[in-house]
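Hydrogens, waters and symmetry mates are skipped; everything else that's a heavy atom, side chains included, is used. These numbers come from a predicted model, not from an experiment. Residue numbers begin at 1 in each chain, while the letters A, B, ... track the order of the sequences.
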There are 2 protein chains.
Amino acid sequence: MSAKEQGQVASEAGLSKQRVVVEAVRLADREGVDGLSMRRLAGALGAGAMSLYHYVANKDELLDAMIDVVFAEIELPPEEADWQSAMRWEAASTRQALARHPWAIGLMESRTSPGPANLRHREAVTACLRRAGFSVVMATHANWLINSYVYGYALQAATLPFDTADELADMTEDVYLPQLPPDEFPYLNESAAALIAAGYDPAEEFIFGLDLVLAALEPLRASA
Amino acid sequence: MSAKEQGQVASEAGLSKQRVVVEAVRLADREGVDGLSMRRLAGALGAGAMSLYHYVANKDELLDAMIDVVFAEIELPPEEADWQSAMRWEAASTRQALARHPWAIGLMESRTSPGPANLRHREAVTACLRRAGFSVVMATHANWLINSYVYGYALQAATLPFDTADELADMTEDVYLPQLPPDEFPYLNESAAALIAAGYDPAEEFIFGLDLVLAALEPLRASA
DNA sequence: TCGTACACTGTACGTCGTACGCTGTACGAT
DNA sequence: ATCGTACAGCGTACGACGTACAGTGTACGA
């Protein structure tokens with residue numbers, strides 16, 4: 001078992017856990033998690049359904065592995081940058097990964113044990129915060145706050161069908177405003193109308209909140 | 001159709017959309033969303049599986065209705081309190097509801113249109129912020145930030161198997177630390193050990209981050 | 001007394017995850 | 001050259017799923 005580690009080598013044509021999981025991620029991106037079945041996945045790999053069970057114990061383990069693929073896509077905070085820039089970079093990368101794979105958000109609830117990429121990621125973030133002068137307890141607070149913001153933002157963004165100011169304006173006129181009669185929802189109605197009038201751009205919302213969060217964390221730091 | 005509105009009256013023994021959805025929530029709380037099937041739900045209601053389709057178009061609509069039941073459990077921000085207290089109250093109530101029904105978090109991604117309770121809730125929060133002196137745009141920022149934090153916190157909390165300092169200490173000793181060798185995960189290892197040594201209480205984490213968020217929002221307010 | 005409406009259900013179809021047992025091939029030992 | 005073993009891959013089958021469809025029964029106005 002020289003070159004044949006836990007992770008397998010997948011040489012050439014044959015299957016491998018890698019290939020199975022990566023194709024599962026592709027399928028979920030294209031069709032959603034509900035469209036991901038062992039048979040369809042096997043079909044996409046040109047294999048029989050039961051062949052997959054040589055690389056994955058069951059579907060639950062496959063889903064766990066898929067989540068870890070998503071975490072592996074997230075870039076680690078760069079070590080040379082100051083802590084705010086590093087965390088901003090990392091948070092933006094996380095948000096992008098979760099936007100590419102929105103099903104991952106829904107999957108995270110229900111699976112409890114973090115995969116290796118997830119752990120590597122947490123280690124790097126904790127390292128960044130500790131080196132920046134946060135105590136263990138304060139680094140924990142910062143971790144919770146930043147992760148909560150990023151995951152929660154991704155969750156909300158996943159439920160919204162627009163990404164740009166134009167798409168928002170179209171949706172607001174066509175579907176939101178008609179559902180928000182001013183007598184029942186005066187404030188929401190006002191907001192919807194005022195936001196598109198002001199040219200509100202949802203693409204900038206993430207960084208706005210993130211900067212507030214990072215600035216709020218700065219005082220918790222015992223600067224070396 | 002005098003007393004027979006959209007919502008039905010459910011008098012006495014018969015079924016009703018109310019009864020179906022509420023029992024579905026109970027079942028999901030007890031067995032998880034994956035354990036919720038139309039047949040099992042019907043069984044719990046003492047009915048045949050197909051009877052449910054008189055009150056719910058399909059399972060997707062049932063899931064939408066279940067989410068709205070969760071939103072209906074969230075208390076609205078009290079009008080008489082100052083905005084920070086009001087939002088703190090509302091956020092705490094949201095977190096509790098999502099802790100009672102963790103499956104709701106996973107369901108939110110994938111369902112795009114908010115139910116009536118969700119809308120009522122957003123209206124009340126927006127009203128609270130606007131009355132406190134936030135402009136439309138700033139109230140939108142505040143809404144995104146607070147919701148992101150609360151949903152993200154609930155999502156993370158749902159994946160963790162402990163709620164108290166004692167449970168955390170047990171888990172850390174028995175399963176976390178053994179999985180965090182100090183040469184591979186020096187910072188996580190240090191943190192895990194230091195947190196239990198310091199008697200870190202996860203139950204206080206939520207309010208800590210929330211207060212930081214609320215304080216960070218205060219300057220965005222044009223105080224009347 | 002009848003007709004109609006409607007709450008309710010049984011059966012059946014296609015799909016799902018996966019247990020089980022069968023193939024074939026690759027390869028070290030003889 | 002022959003065999004044994006190991007293992008990648010697959011076909012079939014089972015129970016559970018969502019739900020289309022075609023019924024039932026009962027309540028009630030005419």
Over how many whole Å does the gap from [X] atom [atom1] to [N] atom [atom2] extend?
X: B:H54; N: C:dC6; atom1: NE2; atom2: P; value: 11 Å
X: A:M50; N: C:dG17; atom1: CE; atom2: C1'; value: 8 Å
X: B:Y53; N: D:dC17; atom1: OH; atom2: P; value: 11 Å
X: A:L15; N: D:dA8; atom1: CG; atom2: C1'; value: 9 Å
X: A:E31; N: C:dT15; atom1: CD; atom2: P; value: 14 Å
X: B:L52; N: C:dA7; atom1: CG; atom2: P; value: 14 Å

* To do: Not counting sequence neighbours, list each pair that qualifies as a ring-ring contact (aromatic ring centres under 6.0 Å, His included) and has a residue in residues 98-119 of chain B.
  => B:H101-B:W103

* To do: Evaluate whether atom CG of A:D174 has more than 12 neighbouring non-hydrogen atoms of other residues, nucleotides or ligands under 6.0 angstrom away.
  => yes

* Is a salt bridge present between B:E31 and B:R26, judged by a nitrogen-to-oxygen distance below 4.0 Å? -> no

* **Salt-bridge criterion met for B:R40 and B:E23 (N-O under 4.0 Å)** => no

* Asked: salt bridge (charged side-chain N to carboxylate O under 4.0 Å, His left out) with B:R88: which residues, sequence neighbours excluded?
  -> B:D211

* **Any residue of residues 56-67 of chain A with a heavy atom less than 4.0 Å from an atom of DNA chain D** => none

Throw together a table of side-chain donor-acceptor distances under 3.5 angstrom for residues 119-127 of chain B, partners on residues two or more places apart or in other chains.
residue: B:H121; atom: NE2; partner: B:E90; partner atom: OE2; Å: 2.9
residue: B:R122; atom: NH1; partner: B:N118; partner atom: OD1; Å: 3.4
residue: B:E123; atom: OE1; partner: A:Y187; partner atom: N; Å: 3.4
residue: B:E123; atom: OE1; partner: A:L188; partner atom: N; Å: 2.9
residue: B:E123; atom: OE2; partner: A:Y187; partner atom: N; Å: 2.9
residue: B:T126; atom: OG1; partner: B:R122; partner atom: O; Å: 2.8
residue: B:T126; atom: OG1; partner: B:N143; partner atom: ND2; Å: 3.4

* Do B:Y153 and A:Y151 have their ring centres less than 6.0 Å from each other? -> no

* Which residues share a side chain to side chain contact (heavy atoms under 4.5 Å, CB included) with B:V137, sequence neighbours left out -> A:L195, B:S135, B:H141

* Sort out the partner of C:dG21 for me: Watson-Crick or G-U wobble, both distances under 3.5 Å, none otherwise. => D:dC10

* **Residues touching DNA chain C, which here means a heavy atom under 4.0 Å, drawn from residues 33-48 of chain B** => B:R39, B:A47, B:G48

